[in-house]
Amino acid sequence: MLETSRLWLALFGVILAGCVAPPQQVVEEPRVAPPVAAIAPPRDDTGLAEEAKALLAQAETDVQRARAKRALWLKAWEDLLAARQAVASRDPAAAIRSAKRASELAQLGLEQLAYPAVK
């Protein structure tokens, strides 16, 4: 009986020791300086216009290739027309966006030819 009471006492001591948490230490975090606002470089409208014209030319080529293989999607054609109109109205951002989309859709139309036709 004495052995079991010692065993229980030891078990109780181990459990009690497990419940005791070490004292918490307060650690101060170093302060981080707020990020400095980056100054945007001045927009180069001539560079954007040249990029828009180059992307429009690429879109024209891609759409013509897709059209020659009868794989042109209507949305690609509409985006090409929108890119042409944006270049004419001197809106390079819209022209770039539309030309990229037209080129991408024309490429997807050509890739679609590799898949079997649905019956």
Side-chain angles (χ1 to χ4, degrees):
M1 179 87 126
L2 188 60
E3 282 184 26
T4 31
S5 64
R6 285 185 182 172
L7 181 64
W8 284 110
L9 188 59
L11 183 61
F12 180 71
V14 169
I15 291 173
L16 188 61
C19 292
V20 176
Q24 294 188 3
Q25 298 175 355
V26 178
V27 178
E28 290 189 30
E29 296 180 15
R31 294 187 179 219
V32 179
V36 178
I39 299 174
R43 285 184 39 182
D44 184 19
D45 288 336
T46 57
L48 282 177
E50 291 301 317
E51 183 181 358
K53 288 178 184 177
L55 287 172
L56 178 61
Q58 180 64 41
E60 293 269 359
T61 303
D62 291 339
V63 166
Q64 287 301 324
R65 283 190 338 185
R67 186 175 181 190
K69 294 198 177 199
R70 299 184 152 274
L72 181 61
W73 292 354
L74 178 62
K75 187 62 181 161
W77 179 252
E78 290 171 354
D79 284 338
L80 178 66
L81 293 179
R84 286 179 185 167
Q85 188 174 14
V87 166
S89 65
R90 299 182 199 275
D91 185 8
I96 289 171
R97 194 173 37 243
S98 296
K100 283 183 179 180
R101 180 96 170 135
S103 184
E104 177 185 344
L105 291 176
Q107 292 292 332
L108 288 173
L110 288 170
E111 289 177 17
Q112 186 180 12
L113 293 176
Y115 293 100
V118 178
K119 291 184 180 181

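Keep in mind that this is a model prediction, so the values were computed, not measured. Just so you know, these numbers use all the heavy atoms, side chains as well, and skip hydrogens, waters and symmetry mates.
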Using the rule that two of Ile, Leu, Val, Met, Phe, Trp, Tyr join whenever any of their side-chain heavy atoms come within less than 4.5 Å, decide whether Val87 and Val63 are in one cluster. yes
Where is the tightest heavy-atom contact between Ala102 and Ala76, given as atom of each residue plus distance? CB-O, 3.5 Å
Is Trp73 isolated, or which residues cluster with it under the ILVMFWY side-chain rule of less than 4.5 Å, directly or via members? Leu105, Leu108
Give the cluster check for Leu55 versus Leu80: same hydrophobic cluster or not, with ILVMFWY residues linked at side-chain heavy-atom distances below 4.5 Å. no
Counting neighbours of CD on Glu78 that are heavy atoms of other residues, nucleotides or ligands and sit closer than 6.0 Å, is the number greater than 12? yes
Inter-residue atom distance Arg65.CZ - Arg67.CZ, 0.5 Å rounding: 15.0 Å
One should read off an interatomic distance between Gln85 CD and Asp91 CG, to the nearest 0.5 angstrom, of 10.0 Å
So which atom in Ala95 and which in Ala52 form the shortest heavy-atom distance, rounded to 0.1 Å? CB-CB, 3.9 Å
Of all the heavy-atom pairs spanning Leu110 and Lys69, show the shortest one and how long it is. CD2-CD, 3.9 Å
Distance in Å, Glu104 CD paired with Asp62 CG, rounded so as to fall on 0.5 Å steps: 11.0 Å
Apply the test side chain to side chain contact (heavy atoms under 4.5 Å, CB included) to residues Leu81 and Arg84: give CA-CA distance (whole Å), side-chain angles for both, the deciding distance (0.1 Å), then the verdict. CA-CA 5 Å; Leu81 293 179; Arg84 286 179 185 167; 3.6 Å; yes
Answer yes if Leu48 and Leu56 sit in the same cluster of Ile, Leu, Val, Met, Phe, Trp and Tyr residues linked by side chain heavy atoms under 4.5 Å apart, and no otherwise. no
State the NZ-CD distance between Lys53 and Glu50, to the nearest 0.5 angstrom. 5.0 Å
Where is the tightest heavy-atom contact between Ala99 and Ala83, given as atom of each residue plus distance? N-CB, 3.7 Å
